[in-house]
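Below is one structure, written out as structure tokens, with a few remarks after it.
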Amino acid sequence: MIEWSYAINQWKPSFDDFTRRRDHERALRVISISGFTGVELTTGTGRWEPLGNPEQLAANFGSVRGFADFVRDAALDRVSSWFYDPLLGFREDLSAPADPADPDAHASVRAHATWFASALADLGGQVLVVRPTASAWQRPQLDDGAIGTIAKCWNDVGRAIAPLGVRLALHFDFLSALRPDDGLERLIAATDTETVGFSVDTGEFVAAGLDPVAFIDRHPHRVAHVQLKNAAAVDDRDEYTRRNAEHHVRKGGGARPVPRWFLELGVAPGLVDAEAVVRALVAHEYDGWVTVESDLSPHPPTSAMLNGWYLQHVLQSIVEEAR
Amino acid sequence: MKWSYMDHWRSASPNGPIDQWQTLDSMDRFLKQVAAVGYDAIDTFDHRYFQIMDQYGSVSNYQEFVQERGLERIVNTFHAAVYDPRTYAPHVPETHANILEDFRVTMDRWSGISLDNIIVMPATLYYDMEPVTDDKIKTTAELWNKVGAITLDAGVKLTCHHEFFCGIQSKHELDVFYANTDPALVNLFVDTAQHCIATVDPVDFYEQYADRVTGFHFKDTRHQDLVGDYRRRPDAELMATTTPKWFHEMGDEGGLVDFEAFMRAVVRNGYEGWLSVEHDKANKLGGDHAESTAIARWYAKNVLDRIVAEEGSK
Amino acid sequence: MTAGWSYALNQWRQSPTSFVRLEEHERAFKTVSAAGFRAVELWAGTGRWSNLGRPEHLRLNYGSAAGFLDRLAECGIDAVSSLTWDPSAPAAEEGFELRSTSRPADHGAILRAAETYLELLSELGCERIVVRATEPAGRLGSGFDAAAVASVLDRLGAAAQDHGVRVAVDIDCLSPSARPTASRGCSSSPTAPSSTCRSAPRISSWRASTRSRSSATTRPASGTSISRTPTSRTRKRATCFRVRKSTSCRGTRAVRSNAGSSSSGATPVSSTLPLC
Amino acid sequence: MTWKRWSYMDHWITRTPQGPRQPSFNRKHTERYLRQLEALEFTGFDTFSFALPVYAGLYGSVGAFERVLQDHGFAGLTGVFSAYPYATDFAAPHRRETHDRIVADFERTAAAVEGSAVENVIVMPTNTYFHVEPVTDETIKVTAELWNRVGALLAQRGLALGCHFEFWGAIRTEEELALFFEHTDPDLVGFFCDTAQHTIAGVDPLALFRRYRERCRGFHFKDTHNVDDFEAYRTPPDAELMATGVPRWFYEMGTPGGLVDFPALMREILDSGFDGWLTVEHDKADLGGGDFAESTAVAKWYIDNVLASARAGAAR
């Protein structure tokens, strides 16, 4: 059965935005009234990221369960998932960025993944969505050895968090080091089918020139999570290899520049066929969360409401027909 | 009297609000707007060093980019360190080595251009320093004396800017701090709004330490902290009970800072250096950095310049 | 005749309920002054929230025209350079009459309506009323009558002169009267996807100026001067900026800088991509 | 049974590369706007009489625009609002010599919405207070005379006239309202209850609804944080946007500091058997960094999660 949640990350464009309780309450209510039943959190550190990690949740809501109540007060069922980026590093415990392609970082990745997963379990969430490794401009070549190292890290994490009732989902993005030389497929082959799933981010796949529907058809049993997002352009000039691509390409738009990489579902000039994605999920009896996302939205409430419209009037009927 | 602008900025984009470092174009638009309304220079944050190296190649290249847009130079940098009692806290002696090394590296990184001041918040967040004792303030003073020596070797004055939510903000704490710092090494940077919020009268405070003052942040506030927001966990600046917006530009209605009296004091004390305007988080509650920057500059030119002329002719 | 640069205030009016409070006017005046302009251009409007565009509302808000000039002076603005007026725009204060400069029967009503503005302009010491020559081509259809338009503009010119004001005729990208002629710098071939200006923004003198040096000027009897300068090809997606040389610095009516402030702007954006 | 007939009063600002705009400047933005309302499950859409030609211009006719509304799940165009804020020689309800012109305006409006789902023609019955002052029994009676005529002409076309009383209009106190309703035919001139406007004027909307229940045609559900106890209503040039010290009068339902007791009003409506549209209105929601989309979503959230439970109270 598919459940629909919405990613909270679009509400925080700058470090000093979206810090007050009222901002969070209104965002959660907009998500709820737009037809979603869950919210996906994202990684953050420091006092201006009250929803960024378990310690900040406790500091702002009394406890992690306190935040779960806050989410339910907004008429949402629960937190669906948490996006954990090991490359971030945390002020809470002064930990450095940890890249799973580096064996020395595995202990830190496992500890932090467990930290997030246990809080997620308290929040009623089911999927820990993780960034598998660094960006391509940071790690240009991933030979089989490096792929093996990354796989080992996530196999361990998958086993560590499974008892908490939390599934692991590796999230590919269009700047990822997994993009060249079929890195994603090689990582799928190298990871444990039982404990390591993948998150299909439709916007990131299309921006990277990959077909999300083909991926779902090829690896139905490895799809642990979906981030449904529309894309406005394809990085067909390999700008992802540029130094600091997060800044210059994802945010700055790259050489053209692309004014906005990701759009609301069903909006021109979008390239993602969201209906085909949902039909594929239904065909393979996908049972889990689909998190709708609109990174770097110029107007978060409108993005959530337009995506809500598309869920109610286009995607829902596809899901119901299959029942 | 010359004015510089402390570079807080947001502008609208298809990706939502962005700062000026997003692209060369957004930096170009920012600098031209600041120059167009009559500022002579900018101040910036020295942690921008990494973006400067990435986008401009060197600090001096970036300064040239600034100068090409009609601004004289970068006058001051603000050293916004991430304070933490475990690793980087002026009141914790075990972390002093860390802090001193951080300033050596910073002064080296910025050696490509000549700066007047490096501005610091002289203490951690208040709740990280609590209880604030005279001894802790003395330890803090010792640290900054050493830092002042390092920056002076690089030809840059160390100057302290007291946020209302840092550990040295009440009048007593300020007096103990300046009594224990070497006037040759540690200076004062007066932020009109921060002191006003902390219920320390900016004019009186400036008059008392005028000879140690090497710069100002001219900005206004409409609230004083009367409920202890300064020690609020986890944050006082954005999540305070009193207001979602502490800072406003000078020259707007409802402000509490008496800028005319402040300006008279600046002239009476023979201050010769740069005056800076800062609009920290001006975009809260529908506000706008660009407009606030123009309004403040208008006020400086059409009100404060007149005060300077009057006071100067006395 | 004071000459120099002024700034058009219409860009601050982004929706009918915006730019109404007097403190918002004040901040706009100060922003314009701080940016180096010493004069502003007003625009005609209707309704109580057009309190900078409708004479009786301007007087009500600022006490009088003199009171408005005092307010401008306090904000570092020396003069009102001009006011733009579209005779075909219906106004509540005039019973929402639909008038056309191409219909002689409407000319009486147009002159009566103009009188309200000319009185204000003379009180403001403003020497230029910018009159839109015709209604948009879409509304006018085939009804354009150059002779009728010229006749009412002449009568407006004479009426304006009685108030010490000169009429400047305004042609914009929706006007039917702009004839496509070859022009320097702008690709004028019909097949070009859009009218592109290779040179810097062209300075054209649609607007009469005291000394229109660069263009041949035909001066009808009454004080109106319409200058015949090669025009940039007016195509639907005009990308030329026309900077009115003599009296105000203003992008074309359709192009405005972005929301909120006079100067923050989006990164280069295709106009088709809505911001949401 | 939770209330299903919620309509939305057409105020919106959308962001464009050319700044914040009303969406009706092109179809792309208009339909994005309608999609957001449809996502919130509004099924009625009220607009302004002056907006009818704009929508007709966009889609070819008012009827064509209504079909676009129906494509978005709306019953259609459900209400039209008209007002003459300032007195002019052409329109001043308290001056008899302008009545013919005003009646002609409403004949045009009624014709424009012929065949549509419009039930209510909502009007601000007077000009702004300071243009009518001094307000006397006579000015109220002359005003009543006008709306009896307009009510009659609308009734012939199956439309109901609803009078909606701004706090800065010239009929605002309980006495003025009573005199007005006393001199208007209950079958021809209805009461349209704006929860915020009456609260600001110091009059309890719930009490008004109880008193004029039989002739109540509809509601504007919006909230306020202030009562006008400093005569903002009569100070020129405009009380709604330019009142001293109150830059914003109107807020969506459910904000902290809101003065209107919506659950109590909802119970009263459900008990009364009222079966018209309940209309949510967000007038000038963009002030102070506010946002139409967010306010509308948060208001509908309040309806579905707070007012819905208020219904339970009614079943007592």
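Throughout, a chain's letter reflects where its sequence line sits, starting with A, and its residues are numbered from 1.
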### Message
I want to check a possible cation-pi pair here: Arg232(B) against Tyr230(B), using under 6.0 Å from ring centre and within 45° of the ring axis as the test.
### Response
no
### Message
Would Arg21(A) pass as a cation-pi partner of Phe70(A), given that its NZ or CZ must be under 6.0 Å from the six-membered ring centre and within 45 degrees of the axis?
### Response
yes
### Task
Any chance you could measure Leu41(A), atom CG, to Ser5(A), atom OG, to the nearest 0.5 Å?
9.5 Å
#### Entry: Proximal component of Asp84(B), with respect to chain A [non-hydrogen, under 4.5 Å]
side chain
### Task
Would you mind checking if Lys12(A) and Asp23(A) are paired as a salt bridge, meaning a charged N to carboxylate O distance below 4.0 Å?
no
Is it the backbone or the side chain of [X] that comes under 4.5 Å from a heavy atom of chain B, or both, or neither?
X	result
Pro50(A)	side chain
Arg22(A)	neither
Asp16(A)	both

